[in-house]
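Structure first, commentary second.
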Protein chains: 2
Amino acid sequence: MLSIGDLSRRTGVKVPTIRYYEQMGLLAAAERSEGNQRRYERGDLERLAFIRHARDLGLDISAIRELISLSEHPNQPCADADRIASDHLKAVREKIEKLKKLEQELARIVSHCDGDHAIEDCYVIRSLSDHGLCDGEH
Amino acid sequence: MLSIGDLSRRTGVKVPTIRYYEQMGLLAAAERSEGNQRRYERGDLERLAFIRHARDLGLDISAIRELISLSEHPNQPCADADRIASDHLKAVREKIEKLKKLEQELARIVSHCDGDHAIEDCYVIRSLSDHGLCDGEH
DNA sequence: TTAAATTCCTCTAGAGACTAGAGCATTTCG
DNA sequence: CGAAATGCTCTAGTCTCTAGAGGAATTTAA
């Protein structure tokens, strides 16, 4: 049986975060010691690793909750799990596209500024003041 | 003189957001009508456009506050403004890199799943359960 | 065995950038 | 003038944690 601190050390998930996941219903409420402290076993460790992994991939809590619930029905088809992952992939790709546009605009603005002008001539400031100096439609 | 609703319509910034920017010190506290309602003039409109533009580029409130304060000293050199924009550009690029790694991992996971297996064989679920199936170090 | 050190508990609040709603006041328009 | 629209302040909610207070349990060292 592991204490919450043990679990934290083994997974790299901070103690308050573990309690938070329990509160959010991702981890089942742990057994308690006589003194009311949480006690975990191997299964909890695996599930926490699952959660951590999914979070690292950027999935949000509700998506993870859904995946966990799916994984508890091993005989169902996995179309739903596929959809969750695919949707997320799509969202990630969209975010990348947005950030690339941003990057271009920022790079353009910065490239006009050598840090050597007075503020009143600064391209950074002027670009922000005057949308007309922009390329795209952000 | 514009009401807060007028200002909102002209800039596309929602009314509560305008009040929020005032509270955050980005917009100076507006003049008030006899009945205590905010009244704006052209200068406020320009500043709000500046703020909106900077937010669209992803700059956070404190960076914008700094840029505004810089823009009020037109004779200072613009190195600081340049640094703010450059730092942000760097952060955007880093975020893009992270998301690209994520995208690859997700794409790999999804590509192994045709949505047609049982959950217990689902590559999406298995990947999350077993970090060993991963490519990179996320 | 007992004292000290560490870990644990719950609860509340804060981060960032808004958004929504309650309950009431002002302004505008017909 | 009266109704509708807009405005005001204040509080609380979003999301995923993180930090801290104040106190209890557990572990380690003397």
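In the text below, chain A, chain B and the rest are named by the order of the sequence lines, each starting its count at 1.
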Salt bridge or not between A/Glu22 and A/Arg47? Use side-chain N to carboxylate O under 4.0 Å. no
Whether B/Lys90 and A/Glu103 form a salt bridge (side-chain N of Lys/Arg under 4.0 Å from carboxylate O of Asp/Glu) is what I want to check. no
If you measure from the Lys or Arg side-chain nitrogens to the Asp or Glu carboxylate oxygens, is any gap between B/Glu105 and B/Arg108 under 4.0 Å? yes
Take atom CG of A/Leu26 and atom P of D/dT16, then tell me their distance rounded to the nearest Å. 9 Å
Check whether any side-chain nitrogen or oxygen of A/Ser33 sits under 4.0 Å from OP1 or OP2 of D/dT26, and answer yes or no. yes
Between CG on residue A/Leu128 and CZ on residue A/Arg126, distance to nearest 0.5 Å: 11.5 Å
Check the distance between D/dT27's P and A/Arg9's CZ and give it to me in whole angstrom. 12 Å
Send over the distance from A/Ile51 CD1 to D/dC15 C1', rounded to a whole Å. 16 Å
Under 4.0 Å, heavy atom to any atom of DNA chain C: which of residues 15-23 of chain B qualify? B/Thr17, B/Tyr20, B/Tyr21
Under a criterion of less than 4.0 angstrom to any heavy atom of chain B, what are the 5'-terminal and 3'-terminal contacting nucleotides of DNA chain C? C/dA17 to C/dT27
A/His112 meets the ring pair (Phe, Tyr, Trp, His ring centres under 6.0 Å) criterion, sequence neighbours left out, with A/Tyr123
Earlier contact from the 5' end, DNA chain D, for A/Arg39 and A/Leu59: A/Leu59
In whole Å, I'd like the distance from the CZ atom of B/Arg38 to the C1' atom of D/dT9. 9 Å
ILVMFWY network linking A/Ile18 to A/Met1, side-chain heavy atoms under 4.5 angstrom: no
Measuring from B/Asp6:CG to B/Arg39:CZ, what's the distance to the nearest 0.5 Å? 8.0 Å
Is A/Asp56 salt-bridged to A/Arg52, cutoff N-O under 4.0 Å? yes
Comparing nearest nucleotides in DNA chain C, the 5'-proximal residue of the pair B/Asp60, A/Tyr40 is A/Tyr40
